[in-house]
Amino acid sequence: MKIRKHVITTTLAAAGLFISASIQAMPGFTEDAPQSTIDFCVAQIADHANYDNATRVRHEVESRQRRISGHILKINTTVYGVDGEEVIREYATTCAVNDRQETKLFKIREKGTRA
């Protein structure tokens, strides 16, 4: 079973509402989660994480196939402050999604805290 890594960087406007994203992915590996699954899990992180005062958010995604169906993603999220370099928060997330885009597991914790 191969594990593939992806990096997603999201830039947040001053109001924190405008989002533009880019991804570096390695196409051609069927064991990789599809982009729609990655987007689905990243959207759930945005619903739970604190992006206050952020200008940039970076998601490092590791993907592997689930035994039954779908993929398990391990996502490390780093939230950067006003200068775009200072780390203000970090999160570790596990997100398992089946082939029907149903969440089977979602756990998020802020790094440095116990969940």
Side-chain angles (χ1 to χ4, degrees):
M1 181 180 307
K2 294 181 183 178
I3 297 176
R4 306 316 273 164
K5 292 188 177 185
H6 305 274
V7 176
I8 300 170
T9 301
T10 304
T11 304
L12 304 178
L17 298 176
F18 178 76
I19 298 175
S20 67
S22 64
I23 183 163
Q24 300 168 355
M26 300 179 80
F29 292 94
T30 58
E31 292 182 358
D32 283 348
Q35 184 64 48
S36 61
T37 297
I38 295 170
D39 292 344
F40 185 74
C41 289
V42 168
Q44 289 184 68
I45 293 170
D47 290 342
H48 292 86
N50 179 355
Y51 290 173
D52 290 350
N53 301 318
T55 57
R56 183 168 64 107
V57 176
R58 179 182 170 110
H59 302 282
E60 294 180 27
V61 180
E62 290 184 17
S63 169
R64 72 171 193 248
Q65 286 183 315
R66 291 181 68 225
R67 290 182 190 198
I68 300 169
S69 73
H71 292 84
I72 296 174
L73 305 179
K74 299 280 187 179
I75 305 170
N76 289 311
T77 301
T78 307
V79 181
Y80 295 91
V82 176
D83 65 359
E85 299 297 323
E86 177 190 2
V87 175
I88 55 177
R89 281 177 289 287
E90 293 180 286
Y91 297 92
T93 304
T94 301
C95 181
V97 177
N98 68 14
D99 291 336
R100 294 182 300 257
Q101 288 294 81
E102 298 169 332
T103 303
K104 294 300 179 182
L105 172 70
F106 182 82
K107 291 197 296 189
I108 185 170
R109 70 170 177 83
E110 188 168 354
K111 290 183 179 181
T113 64
R114 293 188 180 256

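All residue numbers refer to positions in the sequence shown, counting from 1.
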Going through the checks in order, is the side chain to side chain contact (heavy atoms under 4.5 Å, CB included) test met by N50 and V79? CA-CA 8 Å; N50 179 355; V79 181; over 6 Å; no
Shared hydrophobic cluster, I72 / I75 (ILVMFWY, side-chain heavy atoms < 4.5 Å): no
Membership question, hydrophobic clusters at under 4.5 Å side-chain separation (ILVMFWY): are Y80 and Y91 in the same one? no
Give me the atom names and distance for the closest heavy-atom approach of [X] to [Y].
| X | Y | value |
| --- | --- | --- |
| G81 | T55 | O-OG1, 2.5 Å |
| Q44 | H48 | O-ND1, 2.8 Å |
| I38 | A33 | CD1-O, 4.0 Å |

Could you list all the disulfide (SG to SG under 2.5 Å) pairs where at least one residue sits in residues 50-81, not counting sequence neighbours? none
Test side chain to side chain contact (heavy atoms under 4.5 Å, CB included) applied to R66 and K104, step by step: CA-CA 10 Å; R66 291 181 68 225; K104 294 300 179 182; 3.7 Å; yes
Could you name each residue pair satisfying salt bridge (charged side-chain N to carboxylate O under 4.0 Å, His left out) that touches residues 86-101, not counting sequence neighbours? R100-E102
Salt bridge (Lys or Arg N to Asp or Glu O under 4.0 Å) assessment of E62 paired with R64: CA-CA 7 Å; E62 290 184 17; R64 72 171 193 248; over 6 Å; no
Quick one: OG1 on T78 to CZ on R58, what's the gap to the nearest 0.5 Å? 7.5 Å
Spacing of CG belonging to L73 relative to SG belonging to C41, to within rounding of 0.5 Å: 4.5 Å
The remaining residues in the hydrophobic cluster of V97, counting side-chain heavy-atom contacts under 4.5 Å among Ile, Leu, Val, Met, Phe, Trp and Tyr, are F40
Please go through I68's hydrophobic cluster and name the other residues, only I, L, V, M, F, W, Y counting, with side-chain heavy atoms under 4.5 Å joining them. none
D32 backbone acceptor or donor facing H71 side chain under 3.5 Å: yes
With sequence neighbours left out, the residues meeting side-chain contact (heavy atoms from CB on, under 4.5 Å) with V82 are none
By side chain to side chain donor-acceptor pair (under 3.5 Å) - contacts of T93 (at least two apart): none
Contact check, side chains of E60 and K74, non-hydrogen atoms, under 4.5 Å: no
Heavy-atom side-chain proximity of N76 to K111 below 4.5 angstrom: yes
Kindly determine whether H59 and T77 satisfy side-chain hydrogen bond (donor to acceptor under 3.5 Å, both in side chains), including the steps that lead there. CA-CA 4 Å; H59 302 282; T77 301; 2.9 Å; yes
Step by step, work out the side chain to side chain contact (heavy atoms under 4.5 Å, CB included) result for I45 and Y51. CA-CA 10 Å; I45 293 170; Y51 290 173; 3.7 Å; yes
